[in-house]
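Okay, structure first, notes after.
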Amino acid sequence: MDDKAYDPKPVEERRLAAWEAAGLSRSTPVKDRRAYTIVIPPPNVTGALHIGHALNNTLQDAFVRHRRLSGDEACWVPGTDHGGIATQNVMEKQLKAEGLDRRAVGREAFLERMQAWTRDCKKTILGQLRRLGCTLDWEREAFTMDSARAEAVYRAFEELWKKGLIYRGERLVNWCVRCGTALSDIEVEREERKGGLWHIHYPLAGGGEGIVVATTRPETMFGDTAVAVNPKDARWAHLVGKKVLIPLIDREIPVIADAAVEFEFGTGGLKVTPAHDQNDWDIGRRHGLPAIKAIDPQGKLTEAAGPYAGLSREKGKDQVIADLDAKGFLRKKEDHKSAVQTCYRCGSVIEPLLSLQWFVDQVALAKPALDAYDRGDFKIHPPERGKPYRDWLVNIRDWCVSRQIWWGHRIPVWYKDGEKPVVARSSPGEGWTQDPDVLDTWFSSALWPLAVFGWPAKGADFDYYYPTSTLVTGYEILYLWVARMQMMGLAFDGRVPFRDAVIHGIVRDKSGKKMSKSLGNVVDPLAMMDKYGTDALRFALMAQAHPGKDIPFDEQTVVGARNFVNKIWNSARFVLMNLPKAPAEGGYRLSSLDRARLELADRWILSRFAGATELARRRLDAYEPAAAAEALYAFVWDEFCAWYIELAKGRLQGADGADREAVRAILVQVLVGSMKALHPILPFVTEEIFLALRPYAGEPAEFLLKAGYHEVAQDLRDPQAESEMARVMAAVTAIRSLRAQLGVPLSLKIAAVADGPFAPKILDEHRAYVGALAGLSAVAPFSSRPAQSATAVADGVTFYVPLAGVIDLDKERERLRKELARAEADIAKCSAKLKNLAAAAGAPPEKIAEAKAQAEAAASRKDQLERTLRWLE
RNA sequence: GCCCAGUUGGCGCAGUGGUAGCGCGUUCCCUUGACAUGGGAAAGGUCAUAGGUUCAAAUCCUAUACUGGGCACCA
């Protein structure tokens with residue numbers, strides 16, 4: 001503890017090594033102790049962790065440490081997610097860089113490479129979590145694709161199959177042409193893009209003017225199986241039931257009437273392409289229309305496109321438009337903005353495609369989740385994030401779970417000609433082939449809380465830790481993950497998998513933009529830790545982690561947090577410096593203090609300490625880390641360091657041995673108690689200080705986490721001491737302010753005269769405080785009107801500082817007049833409030849008393865100022 | 001179109017009924033032995049707008065404007 005400035009690196013290394021060696025974060029079931037369980041949102045094995053992970057995991061670690069310090073048996077389960085498409089894409093990019101692609105490599109070899117990559121990646125990620133100080137139970141590490149989790153996935157699939165909740169069918173799905181796979185509805189993002197709206201004439205079969213339809217996708221016209229108009233649309237009524245021809249290929253299709261068609265849009269005529277549009281699909285089903293595929297899974301036009309077959313959808317579109325124009329079918333082109341759907345993993349435009357896929361029936365699963373939420377068995381923090389969650393469950397649609405990729409849990413279904421498909425772990429026999437697809441990565445994620453505790457087996461750990469307590473995650477995966485875990489948990493275990501979901505925001509750059517590699521505004525958490533220390537990064541994130549809100553990340557905030565850590569460090573150095581070499585037997589205890597002999601400052605700091613630590617605990621209980629951080633920051637810096645330590649300095653040098661010991665005891669205990677309270681946010685520096693003070697504090701525990709929170713006696717709360725100290729502080733500030741304005745430095749000791757109703761108290765009891773903190777050499781009682789003095793007026797006390805020849809009387813008068821104006825404004829406000837309260841029928845008496853005191857204080861200040869001004873006239 | 005959130009000093013944010021707070025920044029002063037990653041002092045806000053409820057509104061209600069987000073639709 002010799003370093004003048006806190007050096008995080010060696011401390012972090014020491015602490016991490018000690019925690020590791022002691023297995024500090026290990027948890028096993030303890031009878032009669034309450035379990036507090038968190039399962040990590042498993043990061044995808046796509047690379048290193050980013051600042052959002054740092055936020056997410058610091059939050060969890062803070063909650064876990066908080067509950068450990070509160071006496072719970074806390075267990076935080078680490079793990080990683082195989083990450084499906086996202087991870088496969090990473091590997092495909094690597095292959096491409098080597099001039100390969102996955103088909104050339106082959107499924108087996110590709111998966112081997114994926115395994116190797118995953119091993120490396122896990123190491124990186126878990127190492128980073130360690131570095132962040134996460135007290136994860138490392139022995140419980142899980143991976144969504146390890147054997148235990150694979151068993152859970154298999155069993156879940158099998159159960160859903162048995163219940164008829166999983167089925168295979170040909171539906172219109174979101175198809176990513178680049179990734180070559182189907183996606184679920186929530187894996188699709190929407191983006192406004194400028195495009196065109198083409199008006200195309202479909203001539204009447206047999207000749208004559210037919211109908212003009214408006215479309216944004218002329219290239220899908222070869223999949224048209226009808227043209228639809230609104231049944232009430234008089235413009236086109238004469239055509240309903242007739243046939244028209246698809247231009248360029250002259251295929252006959254009927255004109256039908258359907259209420260889904262809007263009058264106003266385009267021409268009122270709609271080309272119906274059931275195989276490539278959800279609405280058209282619905283219309284097609286209503287009218288028994290066939291679905292003709294015009295685009296294949298590679299994004300190329302099919303045979304149905306006749307001469308255009310084989311062209312990409314983009315080229316095909318250009319060509320079709322050119323030809324339509326050339327042949328006079330194109331009547332008009334408008335600019336048109338529309339929301340295109342894009343793949344959440346690669347950003348390419350989604351193609352709605354008719355294909356054979358596996359689906360999970362969501363309506364049946366959503367009902368229990370909805371009920372659990374409505375009953376309050378499951379809560380979302382903050383609550384306003386709950387509404388969209390609920391809405392999503394209400395409007396839920398079936399979940400397409402099959403993916404045409406290789407990286408994932410292979411669908412455990414086997415086929416054989418002439419046989420019904422069979423669900424099995426391995427081949428049922430000769431001639432059976434397994435479904436080539438894998439499950440959506442979110443399928444295994446949905447089982448995560450169940451699976452990490454061994455489900456479908458239900459051992460002692462499952463009994464003890466499950467259901468889990470809190471889930472901490474970002475709002476962007478509320479549906480993708482949180483809702484599905486609720487549904488699966490309820491479906492397989494009958495209980496919610498976690499009672500609370502803490503939803504945090506996204507870490508953005510300092511101007512509020514989302515961080516992205518392409519914008520070049522990403523912040524690397526490791527770089528922040530290297531530069532400022534892990535505690536500083538953690539504090540910076542926690543101090544801004546208001547429930548549900550995004551965090552604009554400014555490096556300046558980390559600097560501020562680093563400064564705070566350094567402040568704490570130096571306050572501890574100060575305390576240690578003022579302790580004897582050898583600690584007394586049993587250390588300093590608050591309980592051994594003679595309360596009756598404590599000074600005002602002692603009673604004040606103990607009261608504030610009790611208040612601040614209690615407040616911080618309550619706020620962490622309520623998942624409000626930012627509020628907890630703020631309360632402790634203010635207490636430690638602005639109260640403990642700025643006032644109490646300053647006051648302690650004189651007393652530590654004083655002659656009174658008993659007083660010195662009392663001050664030491666309070667310094668030690670308040671500091672150690674504060675370290676405990678801050679430990680969930682600042683695990684490293686707080687433990688380092690805790691260990692240094694441990695012998696003086698009579699703490700037997702070798703780790704702060706094992707010591708538990710200080711049981712702060714609430715009878716330390718002392719409102720009277722708090723308000724009296726506030727008056728002393730106001731008096732000190734008044735003198736300091738006066739000195740600053742007169743340019744008299746604090747180091748220059750001056751004498752002062754005190755007057756007013758609070759003056760006797762200052763003179764009798766607080767003379768030393770005011771002297772030390774305001775740089776007064778002597779404070780004398782008021783006897784007669786002082787000459788050539790500057791005046792400092794505070795609540796109940798006026799100080800006259802004789803400064804013959806130094807002060808400018810005109811300036812002094814001007815200054816006092818300004819203060820007088822302020823006092824008068826205060827009086828106006830106070831009396832208005834007092835009048836209001838008096839007029840009110842049910843005004844609370846303590847409010848009235850408070851207002852009265854405020855009014856009197858202001859009035860007294862005004863009197864003092866007026867008197868002083870008269871003397872100066 | 002529906003829903004939600006936000007709008008508070010130069011910037012970023014707290015603050016759910018009783019005289020507006022914090023961090024950063026700004027100005028002036030201080031290198032006094034815990035800390036210049038510090039200390040002291042100061043300037044700076046009609047709490048988006050318009051109504052309403054109340055003795056009392058940044059806080060509750062209703063509209064409006066702007067910003068962000070979600071959902072649905074978008075041929």
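A, B, ... follow the sequence lines: proteins, then strands. Residue 1 opens every chain.
B/A14 and B/G39 are spaced 26 Å apart, taking the C1' atom of each and rounding to whole Å. Between B/G10 and B/C4, the distance separating the two C1' atoms is 30 Å to the nearest Å. Using atom P as the reference point in both B/U7 and B/C13, the two lie 10 Å apart (nearest Å). Remark: the separation of the C1' atoms in B/U53 and B/C11 is 35 Å, to the nearest Å.
Regarding A/Glu476, its CD atom lies at a distance of 22 Å from the P atom of B/C4, rounded to whole Å. Between the P atom of B/A72 and the CD1 atom of A/Ile186 lies a distance of 10 Å, rounded to the nearest Å. Atom CD1 of A/Ile506 and atom C1' of B/G12 are 18 Å apart (whole Å). Distance CG (A/Asn836) to P (B/A57): 8 Å, rounded to an integer number of Å. In this structure, A/Leu541 atom CG and B/G23 atom C1' are separated by 15 Å, rounded to whole Å. The distance between atom CG of A/Leu742 and atom C1' of B/A42, rounded to the nearest whole Å, is 14 Å. What separates CD of A/Glu264 from C1' of B/C73 is a distance of 14 Å, to the nearest Å. The distance from atom CD1 of A/Ile503 to atom P of B/C4 is 19 Å, rounded to the nearest whole Å.
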Checklist outcome for this item: Dot-bracket for RNA chain B, 5' to 3', Watson-Crick and G-U pairs with both distances under 3.5 Å, [ ] for crossing pairs, | for partner on another strand, reads ((((((((.[[[[.)..(..]]]].(((((.......))))).....[[[[[..)....]]]]])))))))....
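Qualifying side-chain hydrogen bond (donor to acceptor under 3.5 Å, both in side chains) partners for A/Lys835, counting only residues two or more places apart in sequence or in other chains: none. Listed by chain and number, the residues in a side-chain hydrogen bond (donor to acceptor under 3.5 Å, both in side chains) with A/Asp233 are A/Arg235 (sequence neighbours excluded). Residues satisfying the side-chain hydrogen bond (donor to acceptor under 3.5 Å, both in side chains) criterion with A/Ser777, sequence neighbours excluded, are absent altogether. For A/Arg861, the salt bridge (charged side-chain N to carboxylate O under 4.0 Å, His left out) partners are A/Asp795, A/Asp826, not counting sequence neighbours. The side-chain hydrogen bond (donor to acceptor under 3.5 Å, both in side chains) search around A/Tyr769 returns A/Glu599, not counting sequence neighbours.
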Could you pull out the protein-nucleic contacts involving nucleotides 43-46 of chain B (nitrogen or oxygen on both sides, under 3.5 Å)?
| from | atom 1 | to | atom 2 | distance (Å) |
| --- | --- | --- | --- | --- |
| B/A43 | OP1 | A/Arg822 | NH2 | 3.4 |

Can you tabulate the close N/O pairs, meaning under 3.5 Å, that link protein atoms to atoms of nucleotides 65-70 of chain B?
| from | atom 1 | to | atom 2 | distance (Å) |
| --- | --- | --- | --- | --- |
| B/G70 | O2' | A/Tyr479 | OH | 3.0 |

Enumerate the protein-to-nucleotides 29-35 of chain B contacts in which both atoms are nitrogen or oxygen and the separation is below 3.5 Å.
| from | atom 1 | to | atom 2 | distance (Å) |
| --- | --- | --- | --- | --- |
| B/A34 | OP1 | A/Lys649 | NZ | 3.1 |
| B/A34 | O2' | A/Asn570 | OD1 | 2.6 |
| B/A34 | O2' | A/Arg573 | NH1 | 2.9 |
| B/A34 | N7 | A/Lys649 | NZ | 3.3 |
| B/A34 | N6 | A/Cys641 | O | 3.3 |
| B/A34 | N6 | A/Glu646 | OE2 | 3.3 |
| B/A34 | N3 | A/Asn570 | O | 2.9 |
| B/A34 | N3 | A/Ser571 | N | 3.2 |
| B/C35 | O4' | A/Asn570 | OD1 | 3.0 |
| B/C35 | O4' | A/Asn570 | ND2 | 3.3 |
| B/C35 | O2' | A/Asn566 | ND2 | 3.1 |
| B/C35 | O2 | A/Lys567 | NZ | 3.0 |
| B/C35 | N3 | A/Lys567 | NZ | 2.8 |

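A/Lys833 has a side-chain polar atom (N or O) that falls below the 4.0 Å cut-off from OP1 or OP2 of B/U19. Residue A/Ser737 places at least one side-chain N or O under 4.0 Å from the OP1 or OP2 atom of B/A42. Listed pair A/Asn563 / B/G38 meets the phosphate criterion, a side-chain N or O lying under 4.0 Å from OP1 or OP2. Listed pair A/Arg562 / B/U37 fails the phosphate criterion, with no side-chain N or O lying under 4.0 Å from OP1 or OP2.
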Quiz: residues 538-550 of chain A side-chain donor-acceptor pairs under 3.5 angstrom, not counting sequence neighbours:
| from | atom 1 | to | atom 2 | distance (Å) |
| --- | --- | --- | --- | --- |
| A/Arg538 | NE | A/Ile681 | O | 3.0 |
| A/Arg538 | NH1 | A/Asp61 | OD2 | 2.9 |
| A/Arg538 | NH1 | A/Leu132 | O | 2.8 |
| A/Arg538 | NH2 | A/Asp61 | OD2 | 2.9 |
| A/Arg538 | NH2 | A/Pro680 | O | 2.8 |
| A/Gln544 | NE2 | A/Ala540 | O | 3.3 |
| A/Asp550 | OD1 | A/Tyr475 | OH | 2.8 |
| A/Asp550 | OD1 | A/Ile506 | N | 2.8 |
| A/Asp550 | OD2 | A/Tyr475 | OH | 3.1 |
| A/Asp550 | OD2 | A/Arg508 | NE | 2.6 |
| A/Asp550 | OD2 | A/Arg508 | NH2 | 3.1 |

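Each of B/A14, B/U19, B/A41 was ranked by its minimum atom distance to the side chain of A/Asp826; first place goes to B/U19. Picking from B/A41, B/C4, B/A56 the nucleotide with the shortest atom distance to the side chain of A/Glu384 gives B/C4. The side chain of A/Ala339 lies closest to B/C73 when the candidates are B/C73, B/C13, B/A41. Proximity note for A/Gln544 (side chain, C-beta onward) versus B/G12, B/A56, B/C24: the nearest is B/G12. The listed nucleotides are B/G23, B/C13, B/U19; the one nearest the side chain of A/His546 is B/C13.
Using a 4.0 Å heavy-atom cutoff across all strands shown, A/Trp637 reaches sugar-phosphate atoms only and no base atom. Here A/Glu262 lies in heavy-atom contact (under 4.0 Å) with a base.
Between the side chain of A/His276 and the main chain of A/Pro352, a donor-acceptor pair closer than 3.5 Å is present. Within the 3.5 Å criterion, the main-chain N or O of A/Ala259 finds no donor-acceptor partner in the side chain of A/Lys232. A/Asn566 places no side-chain N or O within 3.5 Å of a backbone atom of A/Arg562 that could act as its donor or acceptor partner. A side-chain donor-acceptor contact under 3.5 Å links A/Asn521 to the backbone of A/Lys514.
Near RNA chain B, meaning a heavy atom under 4.0 Å from it, residues 218-228 of chain A has no residue at all. Contacts of residues 187-194 of chain A with RNA chain B (heavy atom under 4.0 Å): A/Arg190.
With salt bridges taken as basic N to acidic carboxylate O contacts below 4.0 Å, one links A/Arg815 and A/Glu819. Here A/Glu384 does not pair with A/Lys387 in a salt bridge; the nearest charged N to carboxylate O distance is not below 4.0 Å.
Mapped onto RNA chain B by nearest heavy atom, A/Val565 and A/Gln278 fall at different nucleotides, with A/Val565 at the one closer to the 5' end. Map A/Asp391 and A/Lys829 each onto its nearest nucleotide of RNA chain B; the residue landing nearer the 5' end is A/Asp391.
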Checklist entry - side chain to side chain donor-acceptor pair (under 3.5 Å) between A/Ser860 and A/Glu856: does it pass, once the steps are laid out? => result CA-CA 6 Å; A/Ser860 135; A/Glu856 277 164 17; over 6 Å; no
